[in-house]
Number of protein chains: 2
Amino acid sequence: MGKKKHKVLVVDDEQDIVEILRYNLEKEGYEVKTANDGKKGLEIAKKFLPELVLMDIMMPVMDGVESCRQIRDIPEMKSAYIIFLTARAEEYSEVAAFDVGADDYIIKPIKPRALMSRINAHFRRELKNKENEEDIIKIGKFIIDRSSYTLHIEDLQVNLPKKEFELLYFLAESPNKVYGRDELLASIWGSDVYVLARTVDVHIRRVREKIGSQYIKTVKGVGYKFDMADQV
Amino acid sequence: MGKKKHKVLVVDDEQDIVEILRYNLEKEGYEVKTANDGKKGLEIAKKFLPELVLMDIMMPVMDGVESCRQIRDIPEMKSAYIIFLTARAEEYSEVAAFDVGADDYIIKPIKPRALMSRINAHFRRELKNKENEEDIIKIGKFIIDRSSYTLHIEDLQVNLPKKEFELLYFLAESPNKVYGRDELLASIWGSDVYVLARTVDVHIRRVREKIGSQYIKTVKGVGYKFDMADQV
DNA sequence: TAATAATGTAACAATTGGGTAACATTAAAA
DNA sequence: TTTTAATGTTACCCAATTGTTACATTATTA
């Protein structure tokens with residue numbers, strides 16, 4: 001079973017640099033695509049969806065800053081890592097670079113060995129933080145992340161108190177399944193604590209207040225469920 | 001705990017210039033040594049191993065070009081930054097200067113303020129492009145450097161005590177992940193030592209005091225996280 | 001339809017958890 | 001050693017979270 005290669009896009013108008021980077025990246029086992037200007041880079045990024053972009057700032061047709069901005073607008077590229085390659089004289093653009101969503105920049109001349117170790121380190125860290133992804137429920141427009149205790153509704157981060165979060169998380173784990181109040185109490189509050197069943201109602205209400213009332217449905221006489229019926 | 005000073009060597013046969021530079025550099029917090037000719041400069045460089053050399057081109061005994069060439073032959077000086085100081089009439093030597101490995105040159109008369117900001121900018125760039133990437137976390141406006149136990153917030157260097165640094169580093173390694181007090185104690189203090197969980201709170205407070213309170217978020221009943229939600 | 005049961009809602013009370021300061025202890029520097 | 005900085009502990013206070021109750025609203029059924 002071959003390991004999945006990380007995808008890297010190199011964008012630079014100097015063909016020498018492109019080739020040096022391609023050579024070194026492929027030697028490290030990355031899957032590389034290249035472009036010679038920002039516009040072409042953007043086009044390739046749309047289809048290739050690289051995890052890392054190495055991009056020159058000064059380029060013909062479309063410069064790196066503008067290209068970067070547009071790459072960031074591609075939904076799948078939101079979490080990609082973008083590194084600018086910059087000549088010494090171009091320092092001015094540092095601020096602009098970070099403004100459009102670059103993650104790092106390196107100053108030419110490029111030292112391939114150092115750059116490779118930097119890139120490897122980046123992916124190593126990425127990997128480490130992927131471990132948390134098991135705790136994430138994506139459902140409809142919601143992302144419910146147990147490792148960070150946050151709820152994302154589209155691009156909005158909502159912070160829920162502990163009980164409310166756990167209630168939502170528990171329900172969302174099994175969409176459409178109806179849970180009685182006792183089950184919820186036992187699972188979320190614990191079977192030893194004694195709180196009134198009506199407490200659940202109040203928490204449901206509080207959750208609804210924050211996520212919108214249509215997602216948690218009441219099944220009269222039975223309990224509650226996280227319902228995805230009328231969601232896309 | 002004083003910050004580690006960068007080492008700068010000044011070589012010029014005009015004592016006035018040496019003193020002006022020394023005064024300004026020391027005011028900026030650099031550790032300065034000086035010499036009045038290229039030969040002496042070379043000798044000092046061998047022992048002092050400065051990170052930056054400011055060197056006049058026209059000097060008695062050994063001129064700057066030759067001195068620079070030999071400095072570059074010192075293994076530890078390969079990656080030092082060497083700036084030539086040149087009178088306007090000496091422009092011819094520009095080519096020779098870069099040939100022997102100079103990185104930059106400035107034309108006399110020296111404007112101390114401008115030169116200082118140039119030097120400061122150089123060290124900032126150096127910092128951001130450090131070779132030994134493994135121990136460095138760049139996140140938002142923070143650079144957290146484990147190899148020197150320092151924290152940089154934009155251009156400001158902040159020194160954190162050990163525990164505080166490690167707490168910050170640990171949290172920043174996995175941004176947004178919530179860690180309980182026990183996890184933090186186990187990871188940072190070690191699983192064998194016994195300190196109270198509340199100790200974590202106090203250290204969190206001390207870190208917040210230094211980096212600003214908005215970055216480490218409390219998740220009540222759960223723990224703490226380094227939160228990047230409202231940062232660019 | 002009225003009567004009844006179930007749930008929604010708001011206001012309030014109780015509790016828990018965390019912030020903070022002050023102090024105590026330990027380690028490091030001078 | 002003395003002095004200073006770092007770390008750990010404790011106690012008090014405040015505020016968010018949570019739980020409870022009373023009442024309003026809605027659904028269900030006779």
Side-chain angles (χ1 to χ4, degrees), chain A residues 149-151 158-171 178-227, chain B residues 1-4 148-151 157-171 178-227:
Chain A
Y149 259 78
T150 53
L151 162 69
V158 181
N159 289 306
L160 299 179
K162 193 173 173 230
K163 279 281 185 303
E164 289 167 39
F165 180 89
E166 289 181 342
L167 182 55
L168 175 63
Y169 189 90
F170 184 82
L171 290 172
V178 184
Y179 289 97
R181 289 171 178 71
D182 353 348
E183 294 180 82
L184 294 172
L185 283 177
S187 303
I188 296 161
W189 276 259
S191 47
D192 45 351
V193 297
Y194 87 108
V195 282
L196 300 182
R198 293 305 305 280
T199 301
V200 175
D201 300 34
V202 177
H203 280 271
I204 290 283
R205 190 193 132 262
R206 285 170 182 156
V207 174
R208 280 174 174 163
E209 205 166 49
K210 282 158 188 163
I211 71 170
S213 57
Q214 66 268 45
Y215 303 105
I216 297 178
K217 293 267 169 64
T218 304
V219 181
K220 270 192 106 152
V222 187
Y224 298 96
K225 65 173 171 178
F226 192 95
D227 195 309
Chain B
M1 196 198 293
K3 75 172 180 181
K4 184 186 163 258
S148 64
Y149 264 73
T150 53
L151 163 69
Q157 174 165 340
V158 180
N159 290 105
L160 299 179
K162 188 161 172 267
K163 280 282 184 298
E164 288 167 39
F165 180 89
E166 289 184 340
L167 184 54
L168 176 63
Y169 188 91
F170 185 83
L171 290 173
V178 182
Y179 289 97
R181 290 174 178 67
D182 338 344
E183 294 180 82
L184 294 172
L185 283 176
S187 304
I188 296 162
W189 276 260
S191 47
D192 45 350
V193 297
Y194 86 109
V195 281
L196 300 183
R198 292 306 301 278
T199 301
V200 176
D201 301 33
V202 178
H203 280 270
I204 289 283
R205 189 189 132 263
R206 286 169 182 157
V207 175
R208 279 174 174 162
E209 207 164 52
K210 283 158 189 163
I211 70 170
S213 57
Q214 66 268 47
Y215 303 106
I216 297 178
K217 294 262 171 69
T218 304
V219 181
K220 280 189 97 162
V222 187
Y224 297 97
K225 65 174 167 176
F226 191 94
D227 193 281

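All values below come from the heavy atoms of this structure, side chains included, with hydrogens, waters and symmetry mates left out. Order of the sequence lines sets the chain letters (A, B, ...), proteins ahead of strands, with each chain counted from 1.
Nearest heavy-atom pair, A:Lys162 versus B:Val222, reported as atom, atom and distance to 0.1 Å: CD-CG2, 4.0 Å. Closest of all the heavy-atom pairs between B:Pro161 and B:Lys210 is CD-NZ, 3.6 Å. Nearest heavy-atom pair, A:Lys163 versus A:Ile188, reported as atom, atom and distance to 0.1 Å: CD-CG2, 4.2 Å.
Nearest nucleotide to the side chain of B:Pro161, out of D:dA6, C:dG18, D:dT18: D:dA6. The side chain of A:Lys162 approaches D:dT18 more closely than any other nucleotide in the set D:dG8, D:dT18, D:dT20.
Of the side-chain N and O atoms in B:His203, none sit less than 4.0 angstrom from OP1 or OP2 of D:dT7. At least one side-chain nitrogen or oxygen of B:Tyr224 sits closer than 4.0 Å to the OP1 or OP2 atom of C:dG19. Within the 4.0 Å cut-off from OP1 or OP2 of D:dG19, at least one side-chain nitrogen or oxygen of A:Trp189 is found. In terms of phosphate contacts, B:Thr218 brings a side-chain nitrogen or oxygen within less than 4.0 Å of OP1 or OP2 of C:dG19.
Rounded to whole angstrom, the span from the CZ atom of A:Phe165 across to the P atom of D:dT18 amounts to 12 Å. Atom CD1 in A:Ile216 sits about 14 Å away from atom C1' in C:dT7, given to the nearest Å. If you take NZ of B:Lys217 and P of C:dG19, they are 13 Å apart, rounded to a whole angstrom.
Distance alone, capped at 3.5 Å, is enough to place a donor-acceptor pair between the A:Glu183 side chain and the A:Gly180 backbone.
Nucleotides of DNA chain D nearest to A:Tyr194 and A:Lys220 differ in position, and the one nearer the 5' end is that of A:Tyr194. Nearest-nucleotide assignment on DNA chain D puts the 5′-proximal partner with A:Leu160, out of A:Leu160 and A:Leu196.
The line from CG of A:Asp227 to CG of A:Leu171 is 11.0 Å long, rounded to the nearest 0.5 Å.
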Give every pair of a protein N or O atom and an N or O atom of nucleotides 9-13 of chain C that lie under 3.5 Å apart, one pair per line with the distance.
residue: C:dA10; atom: OP2; partner: A:Arg205; partner atom: NH2; Å: 3.4

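Between A:Tyr224 and A:Arg181, the side chains place a donor N or O and an acceptor N or O closer than 3.5 Å (distance only, hydrogens not considered).
At the heavy-atom level, A:Val200 lies nowhere under 4.0 Å from the strands shown.
The aromatic rings of B:His203 and B:Trp189 stand perpendicular to each other, their planes meeting at an angle above 60°, with 30° marking the opposite boundary.
An end-to-end axis angle of 30° holds for the helix from C:dT1-D:dA30 to C:dA30-D:dT1, taken from five base pairs per end and rounded to 10°.
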